Amino acid sequence: MRVTEIFHSLQGEGILAGTPSVFVRLAGCPLRCRWCDTKYAWSFSGGTEYGPTDLVAEVQRFSCRFVVITGGEPIVDADRLARPGLARLTNELRGLGQHVTIETSGVAFVRDLACDLMSISPKLGNSAPVEPDLAIDHERAKPDPEVLTALIEAYSCQLKFVVDVPEDIAEIRKLLGRLPPVAPERILLMPQAATREELRTRAPIVAQLCQETGFRYGQRLHLLLWGNQRRT
Ligand code: SF4
């Protein structure tokens, strides 16, 4: 499979924020989110080709139990079908005692993944690109309650929502109303921010929304610590 980068850092988001982890960033994403901070991983033909065995060996070089498979969008290929080799990769990692997190937008249901935490970040209207051609791709991949339900029922999940404005809460509530119950501590709201300064400005607003709604505040620790840099 095509890999954009492999690196060691701290998990920056979600219920495992702060956990030292190896990140495997797979190449390719069919969405075109407006505020995407990994546009360099959009191309499915980018990066370097690895077989599952070589990729497992690369991960093991870091001697780190936690592995995060991210993207791009790691669970699908360019045709939005299950990414070939991903099930085998996750099963090999799990067989070696690794804890596997998959970071996905929830664009498709893929079965048989060995995944300890399916970290789903459904994209709200605030992520739609302004460019009309990109907006078409994005619209085709907007959250599908049936797909999200299948993921929630098959895997141990967390839901992460990027909040741009307080009005996003209504959209989040509407989507959650069409999904099976998810424990409140596994539903996180994260400030939309591309820089530390934006994060500092928006964090108190999202924190206030969490206090009002009961959702959990979602860290963006990597942005806070290192700014908008690759491999963090
Ligand atoms: S789903 Fe993730 S990787 Fe893909 S465009 Fe959106 S933010 Fe970027």
Side-chain angles (χ1 to χ4, degrees), residues 1-7 9 11-14 17 21 23-47 68-83 86 101-110 113 115 117-145 147-148 151-152 155 157-165 168 171-172 175 188-195 198-199 202 206 218-223 226-232:
M1 65 186 68
R2 308 291 302 181
V3 177
T4 302
E5 55 192 5
I6 305 172
F7 58 94
S9 186
Q11 171 59 280
E13 298 179 352
S21 305
F23 290 78
V24 178
R25 188 180 307 287
L26 300 183
C29 180
L31 280 75
R32 293 291 180 262
C33 300
R34 182 190 311 168
W35 35 253
C36 179
D37 57 4
T38 54
K39 290 180 179 172
Y40 57 87
W42 278 3
S43 170
F44 281 94
S45 58
V68 181
I69 301 182
T70 186
E73 169 48 74
I75 69 173
V76 297
D77 64 13
D79 298 318
R80 304 182 189 217
L81 302 173
R83 189 182 285 257
L86 184 60
T101 296
I102 297 178
E103 299 278 356
T104 178
S105 62
V107 69
F109 173 66
V110 176
L113 300 174
C115 177
L117 178 61
M118 185 65 75
S119 177
I120 309 171
S121 184
K123 303 309 175 202
L124 304 177
N126 66 35
S127 63
V130 287
E131 302 90 335
D133 51 334
L134 299 185
I136 292 170
D137 284 340
H138 193 271
E139 178 68 15
R140 286 175 55 217
K142 71 180 185 182
D144 179 336
V147 169
L148 295 175
L151 287 168
I152 290 167
Y155 298 105
C157 291
Q158 67 180 4
L159 296 177
K160 301 186 303 182
F161 292 98
V162 175
V163 173
D164 194 21
V165 292
D168 291 338
E171 189 179 350
I172 293 168
L175 179 60
L188 300 100
L189 308 187
M190 303 187 301
Q192 196 285 101
T195 64
E198 285 181 353
L199 185 59
R202 291 196 167 132
V206 174
Q219 292 276 8
R220 302 196 69 192
L221 194 57
H222 53 306
L223 191 56
W226 298 297
N228 187 5
Q229 286 191 45
R230 284 181 69 158
R231 303 171 71 84
T232 59

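Because the structure is a prediction, the values reported are computed rather than measured. Every number for a ligand or one of its atoms is a count from 1 in the order of the listing.
- Note on ring orientation: taking the six-membered ring where Trp is involved, the planes of Phe7 and Phe23 are parallel (angle under 30°, cut-offs 30° and 60°).
- Contact of the Glu13 side chain with the Leu221 side chain is not registered, since no non-hydrogen atoms from C-beta on lie closer than 4.5 Å.
- Shown here are the protein N/O/S atoms lying under 2.8 Å from atom 6 (Fe) of ligand 1, water excluded: Cys33 SG.
- With a 4.5 Å cut-off on side-chain heavy atoms, Val76 and Pro30 count as touching.
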Stepwise side-chain contact (heavy atoms from CB on, under 4.5 Å) test for Arg25 and Tyr40: CA-CA 11 Å; Arg25 188 180 307 287; Tyr40 57 87; 3.3 Å; yes
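- Interface of Gly72 with ligand 1, defined as ligand atoms under 4.0 Å from a residue heavy atom, comprises 3 (S).
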Passes side chain to side chain donor-acceptor pair (under 3.5 Å), Glu103 versus Ser121? Steps please. CA-CA 8 Å; Glu103 299 278 356; Ser121 184; over 6 Å; no
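- Side chain of Glu171 to main chain of Asp168: no donor-acceptor pair is present (N/O by atom type, distance under 3.5 Å, no hydrogens or angles).
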